[in-house]
Amino acid sequence: MKQAKKQSKAASKKSGRKPVSSSGSAKAPDEFPPTVRFSATIHAREHADPDWIEKLNIDRIPDPTGVIRALVTPNDCVRLLNQGFEVRLHNAYPVQPVNPALIETDASFKRWLDTRIKAIKKPKGSKAR
């Protein structure tokens with residue numbers, strides 16, 4: 001038995017493949033976080049199921065022209081193509097952390113809300129004291 005394991009390790013070294021872990025499965029490519037997302041439009045084939053939009057299982061972006069727009073990962077693209085949809089990619093966006101300057105603080109939001117509430121409560125014809 002030990003000799004068979006040695007031979008399989010030697011064979012994997014020759015082929016350049018890495019041996020599979022003891023659990024018996026290697027990490028699938030879809031388990032890695034995406035580094036890019038695509039702006040895409042998704043189109044159904046002519047004889048599509050009437051409920052094809054529900055089968056997308058992605059977050060869609062409203063479009064005034066009726067086109068189905070979405071921000072998709074490469075894995076989403078593969079899944080949609082395998083389901084028979086046509087996916088047209090328009091732009092690529094790198095996945096990165098949110099700029100801290102864009103995050104609203106509790107204090108700044110409270111100030112904004114207070115000014116809005118004061119504007120609502122204040123009668124239109126009255127002067128400020």
Side-chain angles (χ1 to χ4, degrees):
M1 183 72 173
K2 287 183 181 181
Q3 191 174 11
K5 284 184 181 180
K6 286 182 184 178
Q7 287 176 350
S8 65
K9 285 183 182 180
S12 65
K13 284 182 183 178
K14 286 181 185 177
S15 67
R17 292 183 293 161
K18 293 183 180 179
V20 178
S21 66
S22 61
S23 66
S25 65
K27 212 170 195 182
D30 60 347
E31 292 180 21
F32 297 107
T35 57
V36 67
R37 287 201 171 90
F38 300 100
S39 168
T41 53
I42 301 161
H43 308 271
R45 296 199 174 147
E46 288 182 26
H47 304 290
D49 181 4
D51 299 325
W52 70 275
I53 293 177
E54 299 302 321
K55 291 182 180 180
L56 292 178
N57 196 24
I58 57 171
D59 292 329
R60 298 181 302 273
I61 302 168
D63 185 80
T65 61
V67 176
I68 304 298
R69 292 190 174 276
L71 198 59
V72 294
T73 64
N75 293 330
D76 290 332
C77 291
V78 170
R79 182 178 52 83
L80 292 168
L81 289 171
N82 287 338
Q83 289 178 351
F85 296 105
E86 179 182 335
V87 180
R88 297 179 191 165
L89 304 179
H90 301 283
N91 293 314
Y93 301 100
V95 175
Q96 56 194 9
V98 174
N99 181 352
L102 299 175
I103 299 173
E104 193 72 37
T105 64
D106 289 341
S108 66
F109 177 75
K110 186 169 177 6
R111 283 191 305 272
W112 174 84
L113 185 60
D114 288 342
T115 58
R116 297 291 177 157
I117 291 173
K118 285 179 187 177
I120 293 170
K121 287 183 177 179
K122 182 177 168 183
K124 290 188 177 184
S126 67
K127 294 182 182 178
R129 293 181 189 188

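Quick caveat: nothing in here was measured; it's all calculated off a predicted structure. Each residue takes its place number in the sequence, starting with 1.
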> What's the spacing between Leu89 CG and Ser39 OG if we round to 0.5 Å?
Replying inline: 8.5 Å
> Are more than 12 heavy atoms from other residues, nucleotides or ligands located less than 6.0 Å from atom CG of Asn91?
Replying inline: yes
> Can you list the other members of the hydrophobic cluster that holds Phe109, where links are side-chain heavy atoms under 4.5 angstrom apart?
Replying inline: Trp112, Leu113, Ile117
> Under a 4.0 Å N-O cut-off, is there an ion pair linking Asp114 with Lys110?
Replying inline: yes
>> Show every salt bridge (charged side-chain N to carboxylate O under 4.0 Å, His left out) that has at least one partner inside residues 77-103, sequence neighbours left out.
In response: Asp76-Arg79, Glu86-Arg88
> When hydrophobic residues are tied together by side-chain contacts of less than 4.5 Å, even through go-betweens, does Leu81 share a cluster with Phe38?
Replying inline: yes
>> For a quick test of reading the model, state the closest non-hydrogen atom pair linking Val36 to Pro74 and the distance between them.
In response: O-CD, 3.5 Å
> Between Ile42, Thr41, Ile58, which is the residue that forms a side-chain contact (heavy atoms from CB on, under 4.5 Å) with Ile68?
Replying inline: Ile42
